[in-house]
Amino acid sequence: MAFKILLTDYEFEHLQYEEDVFKESGLDIDFIKAQCKTEEEVIELAKEVDAILNQYAPVSRRVIGSLENTKIISRYGVGVNTIDLDAAKEKGITVANVPDYGMEEVSNHALALLLSWARKVTLLNNEVKKGNWDFKACVPIHRFNEQTVGVLGFGRIPRRFVEKVKPLGFKMAAYDPFVSAEDMAAVGVQKMNLEEIISEADYLSVHVPLIDDTFHLINEERLKQMKRNAVIINTARGPIIDEKALAEALEKGIIAGAALDVTEDEPVSIDSPLLKMDNVIITPHSAWYSEEAMIELRQKAAKNIVQVLSGEKTPYALT
């Protein structure tokens, strides 16, 4: 009997990479492709499947409770906030992600946003196109070695980001309760607590996962603790920042700017005040993307499933 694999949803033009992985596995596989948006749609299709491949569709406790045969849920990406991990663990279902596929791309994108702000490239470009040929449009700009870049989180991506930023001369600091000061010091980074890094960073780059403890981690109170010249860079998840509080802080000059690859709701609403602000750069959740990263992501997400259905363990298992 064929293994049934449900792809809950996808935004790719084709599924050749996934199909090639399944074909090369030698397993008899029935690959069911869907475009689910609701719990009900997932429940209807997933009840008897052996594995789930997931992009954005909700795999909630209710969905997991309805599963009868599922052995693994594999998600395209690093974050697994679409999946109820506790419910899966209680039911003995493996949940796996692909934590290393976009490490270069996301760290590069965060670096690009940092440099665009530090040298005010986007602002100056916009001013020139308006007919304003005057360097004073970007005043003030400061030397990198006079400024501190702080990172929230110190996993794979922020560590790579630090490796790329540090040679530019910035002072480096990080907040991560699970990483020791000695570990950070070994790569030239000062460990700070959350309050310290919020108040001392000139550029604050967000790299923590979205979990209950990090939802609105950057809120109205913490924004008020930041330097007036501070800029927030977010290539992680939108809801880590309270977007309403951020817009108000930017409007009132409480902080200087923001560079966001992610927003609370995606796509960002055309009515969002952030879109009307010259001190905000927004890209469309594209930090992860390169052709190579996209292929790696899709192949590894499919391989997670093949390994578990073959009775093996995937190195990317979270439960």
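Along the sequence shown, residues are numbered consecutively beginning with 1.
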Taking [X] for the side chain and [Y] for the main chain, is one N or O donor matched with an acceptor at less than 3.5 Å?
X    : Y    : result
N54  : A57  : yes
R75  : A96  : no
K33  : L15  : no
T214 : I211 : yes
D9   : Y56  : yes
E243 : E264 : yes
T319 : V95  : yes
E266 : T263 : yes
K71  : N69  : yes
R228 : G253 : yes

Is the shortest side-chain N to carboxylate O distance from [X] to [Y] below 4.0 Å?
X    : Y    : answer
K164 : E104 : yes
K23  : E19  : no
K191 : E196 : no
D30  : K4   : no
E163 : R159 : no
K227 : D202 : yes
E90  : R61  : yes

Working to the nearest 0.5 angstrom, can you tell me the gap between [X] [atom1] and [Y] [atom2]?
X    : Y    : atom1 : atom2 : answer
I255 : R222 : CD1   : CZ    : 14.5 Å
S66  : E48  : OG    : CD    : 10.5 Å
E105 : S286 : CD    : OG    : 11.5 Å
N108 : W288 : CG    : CH2   : 15.0 Å
L250 : N279 : CG    : CG    : 5.0 Å
L246 : I232 : CG    : CD1   : 5.5 Å

Heavy-atom distance under 4.5 Å between the side chains of [X] and [Y], does that happen here?
X    : Y    : value
P58  : E40  : no
L115 : V121 : no
I52  : I93  : no
C36  : E44  : no
I43  : R62  : yes
H285 : R237 : yes
F12  : M294 : yes

Inset, instruction - Starting from the C-alpha separation in whole Å, work towards a yes-or-no answer on side chain to side chain contact (heavy atoms under 4.5 Å, CB included) for N304 and I72. - result: CA-CA 8 Å; N304 283 337; I72 176 170; 4.0 Å; yes
Inset, instruction - Provide the full list of side chain to side chain donor-acceptor pair (under 3.5 Å) pairs with a residue in residues 138-154, sequence neighbours left out, each pair given once. - result: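 Passing the test, one end in residues 138-154: Q147-Y203.
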Legend entry - Full working for side chain to side chain contact (heavy atoms under 4.5 Å, CB included) between V59 and I64: CA-CA 7 Å; V59 187; I64 291 169; 3.9 Å; yes
For [X] against [Y], the heavy-atom pair lying closest together:
X    : Y    : answer
A247 : P273 : CB-CG, 3.9 Å
S116 : T122 : OG-OG1, 2.7 Å
A110 : H207 : CB-CE1, 4.1 Å
K91  : G65  : NZ-O, 3.1 Å
R160 : S107 : CG-OG, 3.5 Å
V206 : A236 : O-CB, 3.6 Å

Legend entry - side chain to side chain contact (heavy atoms under 4.5 Å, CB included) against A317, all qualifying residues, sequence neighbours excluded: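 Once residues adjacent in sequence are excluded, the partners of A317 under the side chain to side chain contact (heavy atoms under 4.5 Å, CB included) criterion are T94, T314.
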Going hydrophobic residue to hydrophobic residue with side-chain gaps under 4.5 angstrom, can you get from [X] over to [Y]?
X    : Y    : answer
L260 : I218 : yes
F170 : M192 : no
L27  : F31  : yes
F161 : L152 : no
I83  : Y76  : no

Inset, instruction - Determine, step by step, whether I5 and F22 satisfy the side chain to side chain contact (heavy atoms under 4.5 Å, CB included) criterion, reporting the C-alpha distance in whole Å, the side-chain angles of both residues, the deciding distance to 0.1 Å, and the verdict. - result: CA-CA 10 Å; I5 300 174; F22 295 148; 3.7 Å; yes
Side chains of [X] and [Y]: do they bring a donor and an acceptor to under 3.5 Å?
X    : Y    : result
D261 : T235 : no
E18  : Y10  : no
S60  : D84  : no

Inset, instruction - Evaluate the side chain to side chain contact (heavy atoms under 4.5 Å, CB included) criterion for residues L275 and V268: first the C-alpha distance (whole Å), next the side-chain angles of each, then the deciding distance (0.1 Å), finally the verdict. - result: CA-CA 9 Å; L275 296 181; V268 64; 4.0 Å; yes
Legend entry - Proximity of Y316 and Y101 rings by center, below 6.0 Å: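 Between Y101 and Y316, which both carry aromatic rings, the centre distance is not below 6.0 Å.
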Legend entry - Residues forming a ring pair (Phe, Tyr, Trp, His ring centres under 6.0 Å) with Y175, sequence neighbours excluded: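 Y175 satisfies ring pair (Phe, Tyr, Trp, His ring centres under 6.0 Å) with no residue once adjacent residues are dropped.
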